[in-house]
Structure formats: C-alpha cells, structure tokens
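Shown next, in structure tokens, is the structure this report addresses.
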Amino acid sequence: MASMRVEILLALVVGLCVGVQLEAQLQVGFYKNSCGLAEFIIKYEVRNAFIRDRGVAAGLVRMHFHDCFVRGCDGSVLIDSTPQSTAEKDAPPNNPSLRGFEVIDRAKTWLESVCKGVVSCADIVAFAARDSVEITGGLGYDVPAGRRDGRVSLASEALANLPAPTLNVDQLTQEFANKGFTQGEMVTLSGAHSIGRSHCTSFSNRLYNFNSTMSQDPSLDPNYAARLKQQCPQGSTDPNLVVPMDPNTPNSMDTSYYQNIRLNRVLFTSDQTLLTHIATLNQVSQNAANPFVWREDFAAAMVKMGQMSVLTGSAGEIRLNCRVIN
Ligand code: HEM
Ligand SMILES: *[C@@H]1O[C@H](CO)[C@@H](O)[C@H](O)[C@H]1NC(C)=O
C-alpha cells in the first residue's frame, strides 16, 4: 500500500518534470512557419546598424546578457520606465551604458508589419546577440526560440542580479552559480569583453581611489594605467567618456581578452581577478592560446544563457512594441 503510494507520487513527480521541461523548451526554427523571414529581418537590421556604428554589436551581446540575468530572457530589459515604475534599463548597470535599443525597435517594427504579433521581443534580442557575435568574428550558432515577453521590469532587480565590475573571482563564481552556470562558463562568457567599450566611471576606482592605502590598483599594468588616466582624467564630470575594452581589436570577438588579462591590461577587477585562482588562470591561458576552442565554448554558453527562465507556451505575451507591455 505504502509502496504503491510512493510509486504514484514518483509517477506524478516525473510527469511534472517532463511537463515543465516540455513547457520550457525552445526550438531552433521556431518561426519557420509563422514568420519565415524573422531571422533574416533581424540579421539585416543588425548588419545595417553595424555598418553605421560597429559598437552596436557589443551593445546587443551585452543586452542579451542583461536581459537573461534579470527575470530570465523575457525582453524585460527593453521596457521603458513609467511615472509609476523605474524599469531595468534605467538602473545604474544599464543606464547610460546599455545600447542598441533602436536596432531592436527597427527589427520589431518591420516584423510587426509582416507578421503581426508573432515574434517576441525576447527572441529578437537573442537573435540579435547571435548575429552580433557572428558579425564580429565569433562563431554563428543556432538560436532555439519561442521565448515570450514578460510584463515586469524593475530597476531594483537589475541592480540585484547583474554582477558588478568590482567583484573578485569567488564572488563572480557564486553569482554565476546562483544562475546555474559553472565557473568555467563564467570565464568563457567573460570573453565577450573582447569587444566594445566601457565608461570611465565603471573602472576609475582602479586608477584613482583603489583603497585606503593605494590610489592605483597594483594589479593593473602601470603603463596601461597611465594611458587610461589620460583618457579618463580624475574628477572628470563627463559621464560620456568611454574607452575600448580591447584597444587592439575593439570590434573583433577574439581571445585577445584572455591575452590582455595575462598582461594585466583589462579594465575591471572582475576581469583581472581571473588570474587569482588556479582553475580560472589555467582556463585564461588555454583560451588565450586556443581561439577555436573558446569560440565553440562561447557559442554553447550563449545558447545556454539564452534559455534562462524563459516564458513559453501561453505564459507572458508577444509585445507589440518592445518598450511597452501590451
Ligand atoms: C562576469 C561578470 C561581468 C561583469 C562584472 C561585467 C561588467 C561590465 C561592465 C562594467 C561593462 C562596461 C559598461 C560601461 O561602462 O559602458 C561591460 C561591458 C560589456 N560587457 Fe560585461 N560584464 C560581465 C559579464 C559579461 C557577459 C557574460 C557578457 C556577454 C556574454 C558581457 C558583455 C559585455 C559587452 C559586449 C560589453 C561592451 C558593451 C558596449 O560596448 O556597449 N559581459 N561589462
Ligand atoms: C589595498 O590593496 C592592496 C593591493 O591589493 C593590498 O595589499 C592592501 O592590503 C589593500 N589595503 C587595504 C587597506 O585594504
């Protein structure tokens, strides 16, 4: 009698798990029948924007990361603030640094004109990130799709869920573990810092007020620090001052990021700290030496990131305007 109850319970639990898994399943080619041109249209808009401003590729890769780490990949990062509520995009980790929103808007407008109410904003971000990886020289990869859009976006959640550039390797490992990623995947994904730019304000503490005994972070290459100080003068009030993450190849998704770490020429503590543990140090060295392996690992990690807490089936909605909930 008791064992029968256990069996029934087991069957229920297994059934539930399978159900949940099916529900959360995304599919490659999801829009094949409902909007066959969807991926083409998005790729077209990304390429078009990239020709005008190559920085948008970095912006779109980061946008996918910041979308997925906050409430899952549900397009919540795209929602505009309202008088009642400050949205994710206006939280300090996103404003003023996050960019590429107009590329998503343009793709969405076109998609709405050819297949109304079909393609989610969350999927547009995921495709645009893939296209951006590809266009900057990373590996193109298939993007499982079928995400639906969330209806909630809170600045406080962006602040709580996005890692800060001041974190050390243990803190980074913990924050990524909280999101279901291994330390290795964290190191792999950090390679995205081989493209794009940073605002001076994101790392100026390492140049001018590191801690109470040292104004400059001793782990930063002094020559590189001197160069950064010229580009980011102390006390500058210009919030728009930016520097490239990887000055040699700022628009190329390569493994120079890992080479830069070994040379102590990276902007954030969260980058430099990867040398301080033996496992992450080894991975940095391997990636620096083997771009082919890293590109594959990176593509796989992006696909995994793109599945975080997605809304599928009839959950959420297909937003008509990515900036506003329906
Ligand atoms: C490991 C923890 C991470 C931290 C602490 C971090 C932090 C930052 C910071 C502070 C910036 C500069 C923003 C600015 O001031 O303009 C930045 C830029 C960037 N991050 Fe990360 N990041 C992390 C992981 C990631 C991941 C996982 C990705 C993507 C897979 C990513 C992609 C990017 C890109 C592409 C840029 C350049 C953005 C642009 O040029 O507009 N980052 N990151
Ligand atoms: C400041 O940073 C240096 C280098 O990381 C370290 O050795 C020193 O203990 C720190 N000082 C304080 C007061 O935290």
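Quantities reported herein were computed from a predicted structural model and do not represent experimental measurements. Hydrogens, waters and symmetry mates play no part in the numbers below; they use all other heavy atoms, side chains included. When a ligand or atom number is given, it counts from 1 through the structure's own listing order.
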Non-hydrogen atom of L172 closer than 4.0 Å to ligand 1: yes
- request: Answer with yes or no whether G59 contacts ligand 1, where contact means a heavy atom under 4.0 Å from a ligand atom.
  value: yes
statement: Result for side chain to side chain contact (heavy atoms under 4.5 Å, CB included) between F298 and one of R295, E296, M302 points to M302
- request: Would you mind checking which non-hydrogen protein atom is closest to atom 15 (O) of ligand 1, with the distance to 0.1 Å?
  value: S202 OG, 2.5 Å
- request: Around atom 11 (C) of ligand 1, find the nearest protein heavy atom and jot down its residue, atom name and distance.
  value: F268 CZ, 3.4 Å
Atoms named by residue and atom, protein N, O or S, within reach of atom 21 (Fe) of ligand 1 (under 2.8 Å): H193 NE2
Closer than 4.0 Å to some heavy atom of [X] - which atoms of ligand 1 meet that?
X    : value
A164 : 5 (C)
S270 : 5 (C)
L189 : 26 (C), 27 (C), 30 (C)
S97  : 13 (C), 14 (C), 16 (O)
M245 : 17 (C), 18 (C), 19 (C), 36 (C), 37 (C)
F176 : 1 (C), 2 (C)

- request: Applying side chain to side chain donor-acceptor pair (under 3.5 Å), run through D254 and S256 and close with a yes or a no.
  value: CA-CA 6 Å; D254 51 25; S256 55; 2.5 Å; yes
- request: Assign the ring pair F65 / F176 to parallel, tilted or perpendicular, where the plane angle (0 to 90°) is split at 30° and 60°.
  value: parallel
message: Give the residues near ligand 2 by chain and number, with the criterion being a heavy-atom distance under 4.0 Å.
response: F210, N211, S212, T213, M214, P218
task: Determine, considering heavy atoms only, which of M186, H64, H199, Q171 sits nearest to atom 14 (C) of ligand 1.
output: H199
query: Can you tell which of P239, G191, P163 gets a heavy atom nearest to atom 3 (C) of ligand 1?
result: P163
task: Check whether any side-chain heavy atom of L98 sits under 4.5 Å from a side-chain heavy atom of K89, and report yes or no.
output: no
query: Would you call C200 and V242 a side-chain contact if the rule is heavy atoms closer than 4.5 Å?
result: no
query: Do Y257 and N287 have side-chain N/O donor and acceptor atoms under 3.5 Å apart?
result: no
field: Modelled atom types, side-chain donor and acceptor of S236 and D238, under 3.5 Å
entry: no
query: Of the options E175, H66, K179, R71, which is the one that meets N161 in a side-chain hydrogen bond (donor to acceptor under 3.5 Å, both in side chains)?
result: K179
message: If hydrophobic clusters are built by linking Ile, Leu, Val, Met, Phe, Trp and Tyr wherever their side-chain heavy atoms come under 4.5 Å apart, do L37 and V125 end up in the same one?
response: yes
